[in-house]
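I have a structure I would like to understand better, so I am pasting it below and will then ask my questions one at a time.
Hydrogens, waters and symmetry mates are skipped; everything else that's a heavy atom, side chains included, is used. Sequential numbering from 1 along the given sequence is applied to the chain's residues. For ligands, and for the atoms within them, numbers begin at 1 and follow the listed sequence. The shown structure was predicted, so the numbers you read here are calculated from the model rather than taken from an experiment.
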Amino acid sequence: MFESLSDRLGKIFDGLRGRGALNAADVDAAMREIRRALIEADVSLEVVRAFVEQVRERAVGAEVTRSVTPGQQVVKIVHDELVSVLGSDAVTIDLNAAAPVTLLMVGLQGSGKTTTTAKIAKRLKDRQKKKVLLASLDTRRPAAMEQLRVLGEQVGVDTLPIVTTETPVEIARRAEREGRLGGYDVLILDTAGRTHVDEELMAETAEIKSIARPHEILLVVDALTGQDAINVARSFDQRLDATGIVMTRVDGDGRGGAALSMRAATGKPIKLIGVGEKMDALEDFHPSRIADRILG
Ligand code: GDP
């Protein structure tokens, strides 16, 4: 039976009640449990090492207040440190620019990019009463364009009519014009994905970025792909300088460890998380909740 990190830490410290401050030996025992729990939660080794070191520094010598046990005290330090690595506040999509505000969605094929595009459109329409236009730039996969059209229809948002002879850049230009003339508040461009990062994809996406001048570049990554997702995020971010990350399939990622690695590796805020296939399965990212999940 799986035992939560909070419980395990509690046990280690059970015998230590009544001490005034945590000493190095107490803390080292706790660190082993924390390291193991983070690795089980799929946090990358590099991040685990840095994290454990930070917690150790804060924990050794920390005063144990009367109202809590030493175990609770360490759990709190770990929690606060997790939140600080994850980014302290939920950061939402920034629409503070001239209309149509352009959002560029990038990521690998299968990461959930098209689904997330439609989910974001639905959220902006329902919650912020925005008039949204969607456009797919995936000229290599007509099925992907059709998928976006169908999802757009499902959530009640317009999609740019499909013209199969255009290049991605031409579609981006037409979308911008249509966005402006049609009085849209937000334009979301869904770019082509690949099964892996390659130079052609990066060059194409960089060109689209220079033409479309998006206000947000949202990198969509699949939480279930673990270490791979982190490498992918780094490559995309180095080339395109993303403004935020959307992590999908967090519903399947029981422990939330991928989010911690992602934030630490890219330094970019996770803005939203996908928690299912349905169109409303999109949530704001709350660092504190993910920290709770990692602690169990
Ligand atoms: P794309 O190739 O990156 O555009 O990926 P899609 O948007 O087509 O998504 C691929 C599959 O992942 C689809 O079956 C989606 O329903 C599914 N999917 C996307 N986001 C989520 C999520 O947050 N949770 C779950 N469980 N499935 C998701």
**OP:** Quickly, which of Ile171, Asp190, Thr164, Thr159 forms a side chain to side chain contact (heavy atoms under 4.5 Å, CB included) with Met145? Name it, please.
**Re:**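 Output: one option passes, namely Ile171.
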Original post:
With hydrogens left out, which residues have an atom under 4.0 Å from ligand 1, given that only heavy atoms count?
Top reply: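 Lining ligand 1 at under 4.0 Å, by heavy atoms, one finds Leu108, Gln109, Gly110, Ser111, Gly112, Lys113, Thr114, Thr115, Lys119, Arg141, Gln147, Thr248, Arg249, Asp251, Gly274, Val275, Gly276, Glu277.
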Subject >> Ser111 side-chain N/O to Gly107 backbone N/O, donor-acceptor pair under 3.5 Å >> reply: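 Side chain of Ser111 to backbone of Gly107, a donor-acceptor pair under 3.5 Å: no, none is there.
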Original post:
Would a distance-only check, ignoring hydrogens and angles, find a side-chain to backbone donor-acceptor pair under 3.5 Å from Lys131 to Gly182?
Top reply: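 Answer holds: yes.
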Subject >> Distance in Å, Glu178 CD paired with Asp158 CG, rounded so as to fall on 0.5 Å steps >> reply: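 Those atoms lie 8.5 Å apart.
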Subject >> Residue from Arg58, Arg56, Lys76 passing salt bridge (Lys or Arg N to Asp or Glu O under 4.0 Å) with Glu81 >> reply: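 Testing each of Arg58, Arg56, Lys76 against Glu81, the sole residue satisfying salt bridge (Lys or Arg N to Asp or Glu O under 4.0 Å) is Arg58.
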**OP:** Evaluate the criterion side-chain contact (heavy atoms from CB on, under 4.5 Å) for residue pair Val163 and Thr165; output intermediate values, then yes/no.
**Re:** CA-CA 6 Å; Val163 176; Thr165 51; 3.6 Å; yes
